[in-house]
Asks: 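One structure, as structure tokens, below. Some questions next.
Each chain gets a letter, A, B and so on, in the order its sequence line appears, and its residues count up from 1.
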Amino acid sequence: AFTSLRMSSLNRHMKTHSDEKPHVCHLCLKAFRTVTLLRNHVNTHTGTRPYKCSDCEMAFVTSGELARHRRYKHTLEKPFKCSMCKYSSVEASKLKRHIRSHTGERPYNCYLCSYASKDTYKLKRHMVTHSGEKPYECYVCQARFTQSGTMKIHILQKHSENVPRYQCPHCNTFIARKSDLGVHLRNLHSYLAVAMKCRYCEALFHERYALIQHKKTHRNEKRFKCDQCSYACKQERHLIVHKRTHTGEKPFTCVCCSKCFRQKQLLTVHFRKYHDSNFKPTVYECPKCGKGYSRW
DNA sequence: AAGCTTACCGCCCTCTGCTGGCTTTGC
DNA sequence: AGCAAAGCCAGCAGAGGGCGGTAAGCTT
Ligand SMILES: [Zn+2]
Ligand SMILES: [Zn+2]
Ligand SMILES: [Zn+2]
Ligand SMILES: [Zn+2]
Ligand SMILES: [Zn+2]
């Protein structure tokens, strides 16, 4: 009995190695070993799904697909546990993929550049960067995008009302994208090991935001002082021009008459007045009173 | 042989978050 | 006016969930 059981088991096993596939699908000519396999296959053509989920509307061709579905959606049973972290999964292949995020292994190489990915999907997605195609189109403005998620955030930010915005917990400014808030936090609110000094006084800061706020308190002071006379001013450029009165420097020379000027603006005005016959200043006029401004 | 479970390959979707060029804004 | 800074924005990669389907193995 022992040997015959072994033999029948071996026999059965040997059969799996034979490439004999007598059962052929009449719809696509694919061949199968057993009628069960053929029946399952034909059901995929006809859409016959005998295995119905008792907890939702889904139905499947095989019991295995149903069992997997129930684990994903209803029982939440995840038999495959990662030994290095809390992760667990319904399918073995998912755990295998997850392990690569620990090991850093990248088995899938791009044949056009040095990129390599940890799973096939990322490589496939990467390849569109080489083809330049943009498969996703915004249904409102027809702008095109390389990834669906990028289009989604575009539609959210550009074409919807009640756009969510993200408020910085440290300075209360609002930023449209969560990732840009991350940039803001790193740039303005991260701790600096080496303190930064205010350029107008001796105050020190370990955070760029605090430094910037502090600098604003200097704003209405005459921060810039001439070291050769008592002159002081609010703007650095005024000090630079002022210092030329000590050096006698006149760096701006008219290309037409060689007259020299201490300030660039004086030269510009001179040139327009004496050498540019068709000069017309652009003026923005107030529609109510007609008053003109040089800037919008 | 029929009807299961397990293993294995694949396809495709979403959520997430950083990067660097562009554009606006404050000074 | 002109410069620097910072938010805006699309590009693009990391990680994971869920399903489609077949082959192999086991149990009945
Ligand atoms: Zn077929
Ligand atoms: Zn269900
Ligand atoms: Zn893990
Ligand atoms: Zn590549
Ligand atoms: Zn902030």
Asks: Check the phosphate of C:dG16 against A:His98, side-chain N and O only, distance under 4.0 Å to OP1 or OP2. Yes or no?
Replies: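 Checking A:His98 against C:dG16: at least one side-chain N or O falls below 4.0 Å of OP1 or OP2.
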Asks: List the steps and the verdict of ring pair (Phe, Tyr, Trp, His ring centres under 6.0 Å) for A:His69 and A:Phe60.
Replies: CA-CA 9 Å; A:His69 159 80; A:Phe60 302 89; 5.1 Å; yes
Asks: Looking at every strand, decide which applies to A:Arg100 at a 4.0 Å heavy-atom threshold: base, sugar-phosphate, or nothing.
Replies: nothing
Asks: Is any side-chain nitrogen or oxygen of A:Tyr121 closer than 4.0 Å to OP1 or OP2 of C:dA13?
Replies: no
Asks: May I ask you to say what A:Ser93 touches in the nucleic acid, namely base, sugar-phosphate or nothing, with a heavy-atom cut-off under 4.0 Å?
Replies: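 Nothing, no heavy atom under 4.0 Å.
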Asks: Describe the nucleic acid contact of A:Ser101 in one word from base, sugar-phosphate, nothing, applying a heavy-atom distance below 4.0 Å.
Replies: sugar-phosphate
Asks: Base, sugar-phosphate, or nothing: which does A:Phe174 touch, judged by heavy atoms less than 4.0 Å apart?
Replies: nothing
Asks: When all nucleic acid strands are considered with a 4.0 Å heavy-atom cut-off, which category describes A:Thr129: base, sugar-phosphate, or nothing?
Replies: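 Contact class for A:Thr129: sugar-phosphate only.
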Asks: Using a cut-off of 4.0 Å on non-hydrogen atoms, how would the nucleic acid contact of A:Phe145 be classed: base, sugar-phosphate, or nothing?
Replies: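 Sugar-phosphate, no base atom in range.
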Asks: Will you find, in the side chains of A:Glu65 and A:Thr62, an N or O donor that is under 3.5 Å from an N or O acceptor?
Replies: yes
Asks: Has A:Arg97 got a side-chain N or O lying under 4.0 Å from the OP1 or OP2 atom of C:dG17?
Replies: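 For C:dG17, neither OP1 nor OP2 has a side-chain N or O of A:Arg97 closer than 4.0 Å.
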Asks: Would you tell me if any nitrogen or oxygen in the side chain of A:Arg144 comes within less than 4.0 Å of OP1 or OP2 on C:dA10?
Replies: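 The answer is no; no side-chain N or O of A:Arg144 sits under 4.0 Å from OP1 or OP2.
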Asks: Output yes when at least one side-chain N/O atom of A:Lys178 is less than 4.0 Å from OP1 or OP2 of B:dC18, else no.
Replies: no
Asks: Hey, does the side chain of A:Asn187 come within less than 4.0 Å of C:dA6's phosphate (OP1/OP2), counting only N and O?
Replies: yes
Asks: Would you indicate what A:Ala176 reaches in the nucleic acid, counting non-hydrogen atoms under 4.0 angstrom: base, sugar-phosphate, or nothing?
Replies: sugar-phosphate
Asks: Within the structure, does a side-chain N or O atom of A:Lys94 lie under 4.0 Å from either OP1 or OP2 of C:dG18?
Replies: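 Looking at the OP1 and OP2 atoms of C:dG18, neither is under 4.0 Å from any side-chain N or O of A:Lys94.
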Asks: Answer yes or no: is there an ion pair linking A:Asp55 with A:Arg70, defined by an N-O contact shorter than 4.0 Å?
Replies: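 Yes, charged N to carboxylate O under 4.0 Å.
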Asks: Look at A:Ser148 and B:dT14 and indicate whether a side-chain polar atom (N or O) is within less than 4.0 Å of OP1 or OP2.
Replies: yes
Asks: When you measure from the side-chain N and O atoms of A:His41 to the phosphate of C:dG21, is any distance below 4.0 Å, counting only OP1 and OP2?
Replies: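 Negative; the distance criterion is not met.
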Asks: Ignoring backbone atoms, establish whether A:Lys134 has a side-chain N or O less than 4.0 Å from OP1 or OP2 of C:dG11.
Replies: yes
Asks: Considering every strand and a 4.0 Å limit on heavy-atom distances, what is the contact class for A:Met58: base, sugar-phosphate, or nothing?
Replies: sugar-phosphate
Asks: Within less than 4.0 Å of OP1 or OP2 of C:dG7, is there a side-chain N or O belonging to A:Arg177?
Replies: no
Asks: Taking any heavy-atom pair under 4.0 Å as a contact, classify A:Arg70: base, sugar-phosphate, or nothing.
Replies: nothing
Asks: More than 12 heavy atoms of other residues, nucleotides or ligands under 6.0 Å from NZ of A:Lys96: is that the case?
Replies: no
Asks: Can you tell me if A:Lys73 touches the phosphate of C:dG18, counting only side-chain N or O atoms and a distance under 4.0 Å to OP1 or OP2?
Replies: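 Looking at the OP1 and OP2 atoms of C:dG18, one of them is under 4.0 Å from a side-chain N or O of A:Lys73.
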Asks: Can you see if the side chain of A:Tyr108 gets near the phosphate of C:dG14 - specifically, an N or O under 4.0 Å from OP1 or OP2?
Replies: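 It does not, given that no N or O in the side chain of A:Tyr108 lies less than 4.0 Å from OP1 or OP2 of C:dG14.
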Asks: So, is A:Lys118 near the phosphate of C:dA15, with a side-chain N or O under 4.0 Å from OP1 or OP2?
Replies: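 For C:dA15, OP1 or OP2 has a side-chain N or O of A:Lys118 closer than 4.0 Å.
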